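Here the structure is laid out as structure tokens; the discussion comes afterwards.
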Amino acid sequence: MKRPMSQEARLAGDVAIQVRALAAGRLHTILTEHYTKARCVFLSLSEGERHRLANAFATKLEHIEPGPSRLRLMVHLGQIHGDLASGVARSFAALAGAKAHA
């Protein structure tokens with residue numbers, strides 16, 4: 001025969017279930033909200049500010065070794081906004097071209 005659970009044990013079990021649900025299914029929602037906030041900030045910038053932001057990301061991208069890390073960063077930027085990712089790609093290509101000619 002099962003022993004009845006105390007109220008505290010039931011509450012602790014409910015909290016554990018909520019934490020697991022948050023970690024599993026709701027993480028996507030949290031990340032989506034995170035990208036939405038970043039997208040809103042990006043869209044609120046003027047064209048000049050967007051250009052400077054893309055240049056700053058491209059400069060930082062130069063310091064990351066070629067491979068999965070660069071790709072992952074570009075994917076995240078694309079999830080924020082396609083124009084941000086393409087602006088960073090253009091700036092990065094321009095920086096790489098300038099270094100090749102120097």
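Below, all heavy atoms of this structure are taken into account, side chains as well, without hydrogens, waters or symmetry copies. If you're wondering where the values come from, they're calculated on a predicted model, not measured in any experiment. Residues: numbered from 1 along the sequence shown.
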Under 4.5 Å between side-chain heavy atoms, counting indirect links through other Ile/Leu/Val/Met/Phe/Trp/Tyr residues: same cluster for [X] and [Y] or not?
| X | Y | value |
| --- | --- | --- |
| V41 | L84 | no |
| L95 | V88 | no |
| Y35 | L43 | yes |

- Message: Filter on salt bridge (Lys or Arg N to Asp or Glu O under 4.0 Å), then keep only pairs touching residues 42-59, sequence neighbours left out; what's left?
- Response: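 Qualifying pairs: E47-R50.
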- What salt bridge (Lys or Arg N to Asp or Glu O under 4.0 Å) pairs are there with at least one residue in residues 58-67, not counting sequence neighbours?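 Those involving residues 58-67 are E62-K99.
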- ring pair (Phe, Tyr, Trp, His ring centres under 6.0 Å) against F57, all qualifying residues, sequence neighbours excluded: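 With sequence neighbours excluded, F57 shows a ring pair (Phe, Tyr, Trp, His ring centres under 6.0 Å) to no residue whatsoever.
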- What residues form a side-chain contact (heavy atoms from CB on, under 4.5 Å) with R70, not counting sequence neighbours?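 Checked R70 against side-chain contact (heavy atoms from CB on, under 4.5 Å); matches are L61, I64, P66, F92.
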- Item | Set of side-chain contact (heavy atoms from CB on, under 4.5 Å) partners for A89, sequence neighbours left out |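 Checked A89 against side-chain contact (heavy atoms from CB on, under 4.5 Å); matches are M74.
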- Which pairs, with at least one residue in residues 80-95 and sequence neighbours excluded, count as a side chain to side chain donor-acceptor pair (under 3.5 Å)?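 Sorted result for residues 80-95: N55-S91.
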- Query: So which residues get pulled into V75's cluster when ILVMFWY side chains under 4.5 Å apart are joined, directly or through others?
  - Reply: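 For the cluster that includes V75, the remaining residues are L71.
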- Any residue meeting side chain to side chain donor-acceptor pair (under 3.5 Å) with S44, in chain and number order, not counting sequence neighbours: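 Side chain to side chain donor-acceptor pair (under 3.5 Å) list for S44, sorted by chain: empty.
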- Mind checking the OG-CG spacing from S46 to L53? Nearest 0.5 Å is all I need.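 Here the rounded value is 10.5 Å.
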